[in-house]
Amino acid sequence: MLAPELVEELGKPRVHVKALPPLERSENGVVMRFAPNPSGPLHLGHARAAVLNDAYVQRYGGKYILRIEDTDPKRVDPEAYRMVVEDIEWLGLAIHEVVYQSDRFDLYYKYAKDLIERGGAYICTCENEQFRELKQQKTACPCRPLSLEENLALWEKMLAGEFYEGEASVRVRTDLDHPDPAMRDFPAFRILHQPLHPRIEATVYPLMNFSVAVDDHLLGVTHVIRGKDHIANTRRQRYIYDYFGWEIPVYRHYGRMGIEGVVLSTSQMRQGIGSGEFLGWDDIRLGTLRALARRGITPMAVRQAVLDIGIGETDISFSWDNLYAANRDIVDPVANRYFFVPEPIAVLVNGAPHQTAHALLHPNEPARGTRELPFTGSVFLPREELGKDPPLLRLKDLFNCTVTSDHGTYLLSYAGDDLADARNAKAPIIQWLPVDCAVPCLLRKPEGDVAGVCEPGVVRELGSVVQFERAGFARIDDTAGDRILAYFTHR
RNA sequence: GCUGCUAUAGUGUAGUCCGGCCAAUCAUUUCGGCCUUUCACGCCGAAGACUGGGGUUCGAAUCCCCAUAGCAGCACCA
């Protein structure tokens with residue numbers, strides 16, 4: 001006989017709290033950062049980093065820094081400065097401080113000189129190709145043994161603009177015998193004359209491993225969560241930390257994330273926009289946050305989906321289904337219901353009394369009120385439903401009809417009001433619209449446009465997500481033209 | 001090629017550190033059923049996984065070895 005408390009213990013289902021794993025060294029709060037490169041708007045891949053960091057800052061308390069990493073003028077889109085901020089606001093991140101790396105070049109120069117003086121870096125004037133070969137053979141390049149004075153002089157020469165592009169760089173002295181060739185004397189600064197940076201005038205540019213290490217330390221960053229493509233960078237940055245004697249933050253690297261059906265590469269998206277394949281950054285076939293927003297995906301759904309994925313190191317293929325499910329949870333209780341008739345066919349109804357249908361704006365919340373749909377003799381019905389040749393139909397919130405067809409022309413005949421009749425006959429209950437007050441509506445889906453008609457009341461829903469009954473959720477994008485434009489969200 | 005990381009149902013995820021409570025969690029998905037004047041929501045039920053092979057052990061998803069697969073890095077990108 002087992003002890004009663006043991007029996008109870010065994011009977012208990014294991015509790016699984018869905019939460020991100022704890023972070024070490026977080027007792028006194030954390031300082032974290034989201035550090036995008038302003039090369040375009042944010043996409044789902046960015047959202048993962050942004051939300052994960054945000055979630056930890058909120059969990060442990062502390063500071064969340066947005067750091068714009070614009071140290072490569074080749075990968076800066078002036079428009080992106082604005083877009084990134086917009087996207088972050090949309091996501092609802094609790095950012096406490098914004099830092100632009102292009103404002104901090106003097107700082108980087110100062111620490112570069114310091115690092116050189118500490119013997120942690122040297123100026124390399126080798127040909128790129130040549131250095132790479134030497135690196136593979138674990139041999140020092142001719143610049144490596146130069147004296148401190150010579151290095152400082154060369155550094156001044158670099159800053160004075162006396163080198164052309166590619167003629168000189170600053171390298172961090174690591175370990176030439178390191179088993180990973182990627183670690184051996186990696187570069188920290190380069191010279192660039194083209195293109196010009198949109199925010200500053202400079203020819204000596206820091207490379208990310210240097211600027212990131214200096215900034216993470218100076219800004220007091222305690223924890224870094226980023227993709228595993230940065231694992232090697234973390235190791236490289238450690239050299240810089242060690243030279244300066246700085247305390248190393250806690251790092252976490254999550255796995256690579258792909259999304260079925262879309263490319264999450266800013267450069268590829270840009271190319272597609274340029275070639276006309278996509279209409280813009282918010283083209284609904286793209287994985288940008290603005291595309292999702294346009295389709296009616298809510299920021300909270302993105303956040304939820306991303307937290308659900310977590311910080312695992314496994315490579316994952318993100319499924320739209322999971323995002324849609326998260327969004328449906330959020331959107332279903334708030335979205336008003338309307339009729340949308342795709343591919344409408346006007347049909348006359350025989351013998352039915354004129355009347356007004358009262359359809360609930362939300363079935364689970366009658367207090368919200370109704371839409372009034374006047375029936376005056378003929379209605380629009382979806383082509384697809386008529387094509388099924390149903391003997392009996394019920395027009396939702398109206399009445400039952402029998403259907404007859406004559407050489408492709410359909411005719412409906414009034415068959416009573418009783419819902420039970422329709423139920424008993426297993427008649428489909430379908431959406432409809434009065435012919436005289438239906439508004440043209442284009443429902444834009446990723447796989448193509450669907451022309452139809454919808455209720456006039458939809459005009460009031462500009463910018464919000466509605467549910468087109470039996471069709472799915474959609475965001476009303478534009479009501480100004482002669483037809484309403486809606487973007488399909490999901491079923 | 002070199003260096004490193006990872007491997008649980010269609011998808012995502014828990015469990016792996018400290019082997020037994022795992023006949024493996026939760027969500028999504030799919031399929032039934034109920035509810036319902038939507039093919040939404042809600043409720044009930046079902047389906048579906050420990051990459052493979054060795055080893056250690058009374059006992060392995062969990063520890064060890066090998067294999068395989070995927071990924072990342074080896075840029076004067078981030």
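Just so we're clear, the structure is a prediction, and the values are computed from it rather than from any experiment. Sequence lines set the chain letters: A, B, ... in the order given, protein chains first and strands last, and positions in each chain run from 1.
For A:Lys396, counting side-chain heavy atoms from C-beta on, the closest listed nucleotide (B:U37, B:G73, B:G12) is B:U37. Nearest nucleotide to the A:Arg337 side chain, out of B:C41, B:U38, B:A78: B:U38. In this structure, of B:A72, B:U38, B:U28, it is B:U28 that holds the atom nearest to the side chain of A:Asn322. Comparing B:G73, B:G10, B:A78 by their nearest atom to the side chain of A:Asp321 picks out B:G10. Listed nucleotides: B:C71, B:C5, B:C74. Nearest to the side chain of A:Gln136: B:C74. If you check B:G42, B:A72, B:U3 against the side chain of A:Arg256, the one that comes closest is B:A72. Checked against B:C74, B:C41, B:U11, the side chain of A:Ser319 finds its nearest nucleotide in B:U11. Of the candidate nucleotides B:C74, B:U37, B:G12, B:U37 has the atom nearest to the side chain of A:Arg394. Comparing B:C39, B:A75, B:U36 by their nearest atom to the side chain of A:Pro187 picks out B:A75. When distances run from any side-chain atom of A:Ile316 to the nucleotides B:U38, B:A78, B:G12, the shortest one goes to B:G12.
Within 4.0 Å of A:Gly310, counting heavy atoms only, lies no atom of the nucleic acid at all. When heavy atoms are screened at a 4.0 angstrom cut-off, A:Lys74 is found touching no nucleic acid atom at all. Within the 4.0 angstrom heavy-atom criterion, only backbone atoms of the sugar-phosphate kind lie near A:Phe473; the bases stay farther away. The residue A:His230 sits close to a base: some heavy atom pair falls under 4.0 Å. Residue contacts for A:Gln467: at a heavy-atom cut-off of 4.0 Å it reaches a base atom on one of the strands shown. Backbone-only engagement by A:Asn37 is indicated by non-hydrogen atom pairs under 4.0 Å involving sugar-phosphate atoms exclusively. Counting non-hydrogen atoms under 4.0 angstrom, A:Thr71 reaches the backbone sugars and phosphates but no base. Counting any heavy atom pair closer than 4.0 Å across all strands shown, A:Asp397 reaches a base atom. Within the nucleic acid shown, A:Ile231 has no heavy atom closer than 4.0 Å to any nucleic acid atom.
In this structure, A:Arg491 fails the cation-pi test against A:Phe473, since its NZ or CZ atom is not both closer than 6.0 Å to the six-membered ring centre and inside 45 degrees of the ring normal.
Of the residues in residues 355-368 of chain A, those placing a heavy atom less than 4.0 Å from an atom of RNA chain B are A:Pro363, A:Asn364, in numerical order.
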Using a 3.5 Å limit on both pairing distances, list the dot-bracket string of RNA chain B from the 5' end; Watson-Crick and G-U wobble pairs count, crossing pairs take [ ], interstrand pairs take |. (((((((..(((.......[.....)))((((((.......))))))...(((((..]....))))))))))))....

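Side-chain contact check for A:Tyr81 and A:Asp70: at least one donor-acceptor pair (N or O, by modelled atom type) lies under 3.5 Å. Side-chain polar atoms of A:Thr234 and A:His253 form a donor-acceptor pair below 3.5 angstrom. No hydrogens or angles considered: nothing links the side chains of A:Thr71 and A:Glu69 as a donor-acceptor pair under 3.5 Å.
Here A:Phe189 and A:Tyr108 keep their ring centres 6.0 angstrom or further from each other. Taking the six-membered ring for Trp and the full ring otherwise, A:Tyr205 and A:Phe105 have centroids separated by under 6.0 Å.
Among all heavy-atom pairs drawn from A:Ile484 and A:Ile476, the shortest one is CG2-CG2, 4.0 Å.
Between the side chain of A:Glu385 and the base of B:C39, at least one donor-acceptor pair of N or O atoms lies under 3.5 Å.
In this structure, the separation between OG on A:Ser211 and CZ on A:Arg67 is 7.0 Å, given to the nearest 0.5 Å.
Atom-to-atom, CG of A:Asn209 to C1' of B:A75 comes out at 11 Å; the value is rounded to the nearest Å.
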